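Data block below; observations after.
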Amino acid sequence: MQIVTSPRAMRAACKALQRVVPSQTIGLVPTMGALHEGHLSLVRASRQQCDRTVATIFVNPLQFGPNEDFTRYPRTFQQDCELLEAEGVDLLFAPASEEMYPAQMQTIVDVPEIGGRLDGASRQGHFRGVATVVCKLFNIIQPDRAFFGQKDAAQVAVLQAMVRDLNFDLELVVCPIVREANGLAMSSRNRYLSDEERKEAQALSRSLCSVQRAVAEGQRSVTTLRETLLHELAAAASLRVDYADVVDPNTLESMSELPASALVAVAAWVGQTRLIDNCIVHTEEVAL
Ligand code: AMP
């Protein structure tokens, strides 16, 4: 696995990949490192669907607020490299912050409406940071497909809008959430949790399961489903809810009526750690 740290060298390396066999497809897996099975599932999907797989590791300062965990975000670069190498990644881009954001940088990518909902509402400027860095990665690497996790459902909605609006010639592939055996969605931030907090954190996935159950049993009232979420989350005494909502998966707008597919999304603080989780519920059988 070749490791590249400057955008200019990365662009050259990606062009070189394409020159070897002009028709070969490139899959991109962007990450912030501290890799776990969720990240590796994206790499495996890319390896299945594309000829070459490029991963990135960049803890993007632009998507962290001033009081967030940028400085203490886990950084496990050596171990990450070993994992990516073992999965057959061809090229790893791991730039320094100054390489991605030189002092003269002026341009920001903003998806203001969608990017202001869910996590965008509680983390001001977060999705501007995400859209800007992903836009830069797309331009540097020019992938045919880019792989993202359903775990970050709001991020997916923002990036789908960006790809559409800015005419990127690539396909976003959304991969399912990988969970621990107890239901907790895998996250680099799970490393922050104590044993006690890890137990409390299971309330997030439990709350989603209870909504799925309620919908399967015929519940269609969004108000009732929101109450179900809050009721389950309240059972974990130390957990502080950020949001718990049923929204349109594409626009992230809150809704009063349950549509054919809805995104059920929760975010909560467990101690100092902010965790997110979600599921999609379907109210109609999908016709084959
Ligand atoms: P991050 O390193 O947290 O920025 O995540 C990089 C990519 O991995 C994003 O597309 C995430 O949605 C995805 N990802 C993170 N956790 C999971 C998970 N548990 N299952 C599937 N994908 C995930």
Side-chain angles (χ1 to χ4, degrees), residues 27-50 53-65 68-70 72-77 79-81 83-84 87 89 92-95 97 100 118-120 123 126-138 141 143 145-160 162-163 170-193 198 201-202 204-205 208 249 252 263 265-267 273-280:
L28 167 65
V29 180
T31 82
M32 297 204 298
L35 300 181
H36 50 68
E37 278 296 313
H39 297 112
L40 300 184
S41 74
L42 306 186
V43 171
R44 287 173 199 141
S46 173
R47 293 263 294 140
Q48 263 177 5
Q49 296 181 36
C50 302
T53 291
V54 173
T56 69
I57 295 180
F58 181 57
V59 184
N60 174 29
L62 215 58
Q63 71 188 67
F64 287 79
E68 294 184 355
D69 57 344
F70 175 69
R72 77 174 185 125
Y73 196 83
R75 288 161 171 89
T76 56
F77 188 70
Q79 196 188 333
D80 292 348
C81 287
L83 289 169
L84 294 174
E87 291 293 338
V89 166
L92 170 62
F93 184 44
S97 195
M100 287 298 268
L118 296 186
D119 308 280
R123 302 183 67 189
H126 171 65
F127 285 126
R128 243 184 324 233
V130 170
T132 302
V133 79
V134 172
C135 183
K136 285 171 72 79
L137 294 175
F138 285 175
I141 295 159
R145 298 199 178 92
F147 295 79
F148 292 90
Q150 174 64 25
K151 158 89 190 325
D152 295 85
Q155 170 170 281
V156 166
V158 167
L159 294 178
Q160 261 157 353
M162 181 187 85
V163 164
L170 56 83
E171 185 193 344
L172 279 195
V173 181
V174 184
C175 300
I177 301 177
V178 177
R179 298 178 179 281
E180 293 180 5
N182 61 16
L184 179 64
M186 288 196 182
S187 163
S188 304
R189 291 189 170 95
N190 290 354
R191 291 168 194 247
Y192 299 149
L193 301 173
R198 205 167 266 276
Q202 288 173 42
L204 274 82
S205 57
L208 300 172
L252 308 182
L263 172 67
V266 292
T273 308
R274 184 176 177 281
L275 299 174
I276 59 174
D277 202 350
N278 71 85
C279 67
I280 301 274

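Just so it is clear, the model here is predicted, and its values are computed rather than measured. Counting convention: from 1, in listed order, for ligands and their atoms alike.
- Salt-bridge check for R274 with D69: failed, with every basic side-chain N at 4.0 Å or more from each acidic carboxylate O.
- Within 4.0 Å of ligand 1, heavy atoms belong to protein residues P30, T31, M32, H36, G38, H39, L42, Y73, F148, G149, K151, D152, Q155, P176, I177, V178, M186.
- Side-chain N or O atoms of T132 include none that pairs as donor or acceptor with a backbone N or O of G129 at under 3.5 Å.
- Note that CD of E37 is 15.0 Å distant from CZ of R179, once rounded to the nearest 0.5 Å.
- R75 and D80 are not joined by a salt bridge, as no carboxylate oxygen comes within less than 4.0 angstrom of a charged side-chain nitrogen.
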Exercise for the section: Evaluate side chain to side chain contact (heavy atoms under 4.5 Å, CB included) for R198 paired with L184, printing each intermediate quantity in order. Expected result: CA-CA 8 Å; R198 205 167 266 276; L184 179 64; 4.2 Å; yes
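- The existence of a salt bridge linking R47 and E87 is excluded, since no basic side-chain nitrogen approaches an acidic carboxylate oxygen closer than 4.0 Å.
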